[in-house]
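Here's the structure we're looking at; comments come further down.
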Number of protein chains: 2
Amino acid sequence: MKDAAFCTSSCPMTRTMSVLGGKWKLILIDHLGERRVRFGQLAQRVSLISRKVLTEQLKELEDDGIVRREAFAELPPRVEYSLTAHGLALLPILAQLRSWHCSAATAEVAAA
Amino acid sequence: MKDAAFCTSSCPMTRTMSVLGGKWKLILIDHLGERRVRFGQLAQRVSLISRKVLTEQLKELEDDGIVRREAFAELPPRVEYSLTAHGLALLPILAQLRSWHCSAATAEVAAA
DNA sequence: TAAACTAGTTACCTTCGCGTAACCATTGCC
DNA sequence: GGCAATGGTTACGCGAAGGTAACTAGTTTA
């Protein structure tokens, strides 16, 4: 989200969403995890995303200091993505979000 | 997000985003907090959102069991929104997200 | 000679999110 | 009679998000 009104909002949660908002951001961070992943691997894992959007989102995450990009001068070319310290700090929070959602799903099943 | 491919994805984080994804969801949950808030109050607090979208997002959150809506048969009409137990469980996680983003902002200032 | 592999980029087009503005019902107040 | 207040709903339209397909480079493989 490059929405200027969001980035400069006085609401802290709104500013947070200007970085993490968007359909794919949290999903990509989650799939990166603690590993170094190549572009093609990421595209396979998150199969619903198109390569174009994947490139864009990774670039935004890199600009925000969440993802690190390392390109190797090889042939065929190799590019590896990994989380920075800042990005790694998000992982435990994402784990809580996931379990929050899972607990809701099991509660629904129990109620039915 | 009513995207069917998201809701039925095998990836837990993707399914989580089908509920919490979207520009406004987390911001609205954050502004509701532990209080009961009237529709008009919410529209004032989150001034960037239009009333139309506010109605839509609240309805989706209600369908997902995160928000409770109580309408009173008065004149002029009064409608109060509050978080369900499920929604309340998100608040500590949102607090972590906020402080994660704040710590990043102060680190940038320190680096500059 | 042609194809395949990687990590993109680009042009093009469609879809959807979102904003704006007008409108509704009901009652009390002036 | 007309306006205000509340909590919406509706029609309309723009702009951005996102998908598809084609194209790039250099080397290996068939």
Side-chain angles (χ1 to χ4, degrees), chain A residues 1-7 9 11 14 17-28 31-32 35-64 67-82, chain B residues 1-7 9 11 14 17-28 31-32 35-64 67-82:
Chain A
M1 261 187 260
K2 314 142 197 176
D3 190 324
F6 257 59
C7 300
S9 164
C11 165
T14 303
M17 292 311 289
S18 77
V19 174
L20 298 181
K23 210 171 173 178
W24 299 107
K25 293 282 176 68
L26 294 186
I27 295 172
L28 289 180
H31 274 93
L32 279 173
R35 292 179 308 279
R36 328 172 89 240
V37 184
R38 298 184 59 171
F39 181 84
Q41 293 179 319
L42 210 45
Q44 281 188 329
R45 290 168 158 281
V46 192
S47 57
L48 292 174
I49 201 174
S50 69
R51 299 173 80 81
K52 183 193 117 186
V53 176
L54 179 54
T55 310
E56 289 170 358
Q57 300 288 307
L58 284 171
K59 198 171 290 173
E60 287 186 25
L61 286 171
E62 195 191 352
D63 290 343
D64 288 326
V67 156
R68 178 174 29 241
R69 178 182 187 276
E70 294 171 279
F72 299 86
E74 300 176 354
L75 277 168
R78 179 163 59 104
V79 179
E80 290 186 345
Y81 291 90
S82 56
Chain B
M1 261 187 259
K2 313 142 198 179
D3 190 323
F6 257 59
C7 299
S9 164
C11 165
T14 302
M17 290 313 288
S18 77
V19 174
L20 297 182
K23 208 172 173 178
W24 298 108
K25 292 282 177 68
L26 294 187
I27 295 173
L28 289 180
H31 274 93
L32 279 174
R35 292 180 306 280
R36 325 170 90 239
V37 184
R38 299 184 57 171
F39 181 84
Q41 292 178 319
L42 210 46
Q44 280 187 331
R45 290 169 158 280
V46 192
S47 57
L48 291 174
I49 202 174
S50 68
R51 299 171 79 80
K52 183 193 117 185
V53 176
L54 179 54
T55 310
E56 289 170 358
Q57 300 288 305
L58 284 171
K59 199 171 290 172
E60 287 186 25
L61 286 171
E62 195 190 353
D63 290 343
D64 287 326
V67 156
R68 177 172 31 239
R69 178 181 187 276
E70 295 172 278
F72 299 87
E74 302 175 354
L75 277 167
R78 179 162 59 104
V79 179
E80 289 187 346
Y81 291 91
S82 55

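In what follows, chains are A, B, ... by sequence order, proteins preceding strands, each numbered from 1.
Residue contacts shown for Y81(B) are limited to sugar-phosphate atoms, with no base heavy atom under 4.0 Å away. Residue-level contact check: E80(B) touches neither bases nor backbone, having no heavy atom under 4.0 Å from any strand.
Picking from dT20(C), dT9(D), dG18(D) the nucleotide with the shortest atom distance to the side chain of S50(B) gives dT20(C). Distances were taken from every side-chain heavy atom of W24(A) (C-beta onward) to each of dG19(D), dG8(C), dG19(C); the shortest belongs to dG19(D).
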- Message: Walk me through whether Y81(A) and L54(A) qualify under side chain to side chain contact (heavy atoms under 4.5 Å, CB included).
- Response: CA-CA 12 Å; Y81(A) 291 90; L54(A) 179 54; over 6 Å; no
- Message: Evaluate W24(A) against L48(A) for side chain to side chain contact (heavy atoms under 4.5 Å, CB included), listing each step before the verdict.
- Response: CA-CA 10 Å; W24(A) 299 107; L48(A) 292 174; 3.8 Å; yes
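Summarising the geometry, the separation between CZ on R51(B) and P on dG19(C) is reported as 13 Å, rounded to the nearest angstrom. Rounded to whole Å, atom C1' of dG7(D) lies 11 Å from atom CG of L58(B). One interatomic measurement links the two molecules: CD1 of I27(B) to P of dC18(C), which rounds to 10 Å at whole-angstrom precision. F6(B) has its CZ atom 11 Å from the C1' atom of dG18(D), to the nearest Å. Atom CD in Q44(A) sits roughly 11 Å away from atom P in dC5(C) (whole-Å rounding). The distance between atom NZ of K23(B) and atom C1' of dA17(D), rounded to the nearest whole Å, is 11 Å. In this structure, I49(B) atom CD1 and dG17(C) atom C1' are separated by 11 Å, rounded to whole Å. The nearest whole Å value for the distance from the CG atom in L54(A) to the C1' atom in dG8(C) is 10 Å.
Listed pair Q41(B) / dT6(D) fails the phosphate criterion, with no side-chain N or O lying under 4.0 Å from OP1 or OP2. One finds no side-chain N or O of K52(B) lying less than 4.0 angstrom from the OP1 or OP2 phosphate oxygen of dC12(D). OP1 or OP2 of dT9(C) has at least one side-chain nitrogen or oxygen of K59(A) nearer than 4.0 Å. Regarding contacts with the backbone of dG8(D), a side-chain N or O of R69(B) is found under 4.0 angstrom from either OP1 or OP2. For R38(B), a side-chain nitrogen or oxygen approaches OP1 or OP2 of dG7(D) to under 4.0 Å.
The distance from the NZ atom of K25(B) to the CE atom of M17(B) is 9.5 Å, given to the nearest 0.5 Å. One distance of note links CD1 of I49(B) with OG1 of T14(A); it measures 10.0 Å at 0.5 Å rounding. One distance of note links CG of L20(B) with CG of L61(B); it measures 8.0 Å at 0.5 Å rounding.
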Protein-nucleic acid N or O pairs under 3.5 Å, nucleotides 23-27 of chain C:
none

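Within the 3.5 Å criterion, the main-chain N or O of R51(B) finds a donor-acceptor partner in the side chain of T55(B).
Take the nearest nucleotide of DNA chain D for L48(A) and for F39(B): the residue whose nucleotide is more 5' is F39(B). Positionally, the nearest nucleotide of DNA chain C for R78(A) lies more toward the 5' end than for the other of E56(A) and R78(A).
Closest of all the heavy-atom pairs between L28(B) and Q57(B) is CD1-CB, 3.7 Å.
Within 6.0 Å of atom CD in E70(B), more than 12 heavy atoms from other residues, nucleotides or ligands are found, so the atom counts as buried in its surroundings.
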